[in-house]
Amino acid sequence: MSGLLHRMETDFFPWTRVSDDVIQISSHMFLAAMEESQIQNIQVTAELQCQLVTIGWGHNSLHPFLRGPSGLGVIDKFCKQMKEIEKSATSGQSVILTTGSHTQSFRTAVLLTGAYSILCKNASMEDIDAMAACVVPQVPDFDNGGEVFSVHDCWEALLVARNNGWLDLVSDAPDYDTCIDLDEWAHYDAAANGRLHVVVPNELIVFPCPRDLPVDPSTGEMAAYLDAGSERIFSARYFTGLLRDYDVGLVVQCDPGAVYDDSPFTQAGMAVERVAAAGRESRPTLLL
């Protein structure tokens, strides 16, 4: 492998804080919470000062990773790009990933590089704890409508998924009978395709509650979906086709306030149960 970096690291490299704005995330990679133009002002090591390769997230193909939430589709694409960056770096070179000084951009970059360490570098729970200790002063928690969770929480969830075999980003030919097909996941994650997510392969799928739509005159059945402005609304008929492909046997409605025609599910042989509203005693017995 002459000409490439000594070899791609397959094991976790302990993160190290080099300065207030720079974290070393592998033997040759650094994460910097600064603009690309500021890189020349930092001192990493004397040996590397003249051999830095700067990947400015504000100005190239990595930039889209810093926008919005980081779902599994984004994590998968990021990990693939990180592998390419590692392969392309020549011997003796180091890579500095710049995020700009915006706190949210740095937090997303930390989340994604940590995900790469977990899913592609075999990081352990102890490693995750050390990673979090390295970045906590600069990384605020996420707030999803009042539900607060940390970068560490996200990393821990990815570790559980990896250890249970639900996520496999290292095999050349993953077994999609036991792990999530991430290309398929990204497809159905799109708002235009239903926001349906496989959480546990062959066990648990989540999707938004359907809504009743007008009857399609051409078929005499309820429309599968309806485009209303910038929103695409889906009926139970649409989700039934997808769930049948996954051999789903039970649909549980978790929003006690949702009202819709669930007959497409039952007609397809799926049982339907509802989670009771607060204060009610009924429980989804088939699920339990």
Side-chain angles (χ1 to χ4, degrees), residues 1-34 36 39 42-57 60 62 65-66 70 72 74-99 105-139 150-163 165 167-172:
M1 297 186 63
S2 59
L4 296 180
L5 228 100
H6 306 293
R7 68 172 178 271
M8 283 187 62
E9 296 169 355
T10 56
D11 294 323
F12 175 73
F13 181 94
W15 287 17
T16 305
R17 182 169 287 280
V18 177
S19 68
D20 289 343
D21 300 314
V22 181
I23 298 170
Q24 185 171 4
I25 60 175
S26 79
S27 62
H28 53 276
M29 276 192 174
F30 299 82
L31 185 63
M34 58 179 63
E36 196 171 350
I39 291 299
I42 69 171
Q43 304 293 316
V44 180
T45 68
E47 294 79 12
L48 295 176
Q49 285 178 29
C50 299
Q51 301 179 50
L52 298 178
V53 176
T54 302
I55 309 293
W57 271 346
N60 72 0
L62 284 180
F65 291 121
L66 301 185
S70 300
L72 285 181
V74 172
I75 291 172
D76 180 41
K77 290 179 181 178
F78 176 83
C79 289
K80 289 176 179 175
Q81 182 127 17
M82 286 287 280
K83 291 177 183 178
E84 291 303 313
I85 290 172
E86 285 198 271
K87 289 179 180 178
S88 63
T90 57
S91 180
Q93 288 183 322
S94 285
V95 179
I96 291 185
L97 306 174
T98 62
T99 70
S105 293
F106 183 70
R107 177 179 62 187
T108 302
V110 165
L111 172 63
L112 291 171
T113 49
Y116 181 61
S117 294
I118 295 163
L119 299 175
C120 302
K121 302 294 184 181
N122 205 35
S124 66
M125 179 59 74
E126 291 75 18
D127 296 328
I128 291 174
D129 291 340
M131 286 156 54
C134 195
V135 299
V136 160
Q138 284 181 272
V139 180
S150 66
V151 167
H152 187 284
D153 294 331
C154 299
W155 287 342
E156 189 171 351
L158 291 172
L159 180 67
V160 170
R162 186 202 73 191
N163 287 347
L167 288 176
D168 181 358
L169 273 65
V170 294
S171 298
D172 293 332

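Fair warning: this is a prediction, and the values are worked out from it, not measured in the lab.
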Visitor: Would you mind reporting whether M131 and H152 have side-chain heavy atoms less than 4.5 Å apart?
Guide: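 Heavy-atom side-chain distance check fails, nothing below 4.5 Å.
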Visitor: Could you tell me the separation between the CD1 atom of I118 and the SG atom of C79, rounded to the nearest 0.5 Å?
Guide: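 One gets 9.5 Å once the value is rounded to the nearest 0.5 Å.
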Visitor: Which heavy atom of F78 sits nearest to which heavy atom of L112, and what is that distance?
Guide: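 Shortest heavy-atom contact: CE2-O, 3.2 Å.
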Visitor: Can you name the nearest heavy-atom pair linking C154 to L111, along with the distance?
Guide: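 In this case the closest contact between C154 and L111 is CB-CD1, 3.5 Å.
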Visitor: Return the minimal non-hydrogen interatomic distance between V110 and W155, and the atom names on each side.
Guide: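 Nearest heavy atoms, V110 then W155: O-CZ2, 3.3 Å.
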Visitor: Can you tell me how far the CE atom of M82 sits from the CG atom of L97, to the nearest 0.5 Å?
Guide: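 That separation rounds to 5.5 Å.
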Visitor: Of all heavy-atom pairs between A123 and R162, which one has the smallest distance, and what is that distance?
Guide: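 A123 and R162 have their closest heavy atoms at O-NH1, 2.8 Å.
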Visitor: Quick one: salt bridge (Lys or Arg N to Asp or Glu O under 4.0 Å) partners of D76, sequence neighbours excluded?
Guide: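 Listed in chain order: K80.
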Visitor: Specify the closest pair of heavy atoms between V139 and R107, including all atoms of both residues, with the distance to one decimal.
Guide: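 So the minimum-distance heavy-atom pair works out to CG1-CG, 3.4 Å.
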Visitor: Using side-chain heavy atoms (C-beta onward) and a distance below 4.5 Å, is L119 in contact with L167?
Guide: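 Heavy-atom side-chain distance check passes, below 4.5 Å.
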Visitor: Within the distance-only criterion (no hydrogens, no angle test), does the side chain of S171 pair as donor or acceptor with the backbone N or O of D168 below 3.5 angstrom?
Guide: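 No: the side chain of S171 does not pair with the backbone of D168.
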Visitor: Do F30 and V95 have side chains that get closer than 4.5 Å, going by heavy atoms?
Guide: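 In short, these two side chains do not touch, never coming nearer than 4.5 Å.
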Visitor: Can you measure from CZ (F106) to OG1 (T98) and round to the nearest 0.5 angstrom?
Guide: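 Result: 11.5 Å between the selected atoms.
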Visitor: Checking I75 against L158 for the side-chain contact (heavy atoms from CB on, under 4.5 Å) test, could you report, in this order, the C-alpha distance in whole Å, the side-chain angles of both residues, the deciding distance, and whether it holds?
Guide: CA-CA 10 Å; I75 291 172; L158 291 172; 4.1 Å; yes
Visitor: Within the distance-only criterion (no hydrogens, no angle test), does the side chain of W15 pair as donor or acceptor with the backbone N or O of I23 below 3.5 angstrom?
Guide: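 Pair absent, no side-chain N/O of W15 close to backbone of I23.
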Visitor: Show your reasoning for whether side-chain contact (heavy atoms from CB on, under 4.5 Å) applies to Q24 and M29.
Guide: CA-CA 6 Å; Q24 185 171 4; M29 276 192 174; over 6 Å; no
Visitor: Can you see which heavy atom on S105 is nearest to which on T99, and at what distance?
Guide: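 What the structure gives for the nearest pair is CB-O, 3.6 Å.
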Visitor: When rounded to the nearest 0.5 angstrom, what distance separates CG in L159 from OG in S124?
Guide: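 Answer for the CG-OG pair, L159 versus S124, is 7.5 Å.
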Visitor: Does D129 reach the main-chain N or O of E126 with its side chain, forming a donor-acceptor pair under 3.5 Å?
Guide: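 Answer holds: no.
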Visitor: How long is the span from the CG atom in L31 to the CZ atom in R17, to the nearest 0.5 Å?
Guide: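 Reported value, rounded in 0.5 Å steps: 9.5 Å.
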Visitor: Could you check whether Q81 and Y116, counting side-chain N and O atoms only, form a donor-acceptor pair closer than 3.5 Å?
Guide: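 Side chains of Y116 and Q81: no pair found under 3.5 Å.
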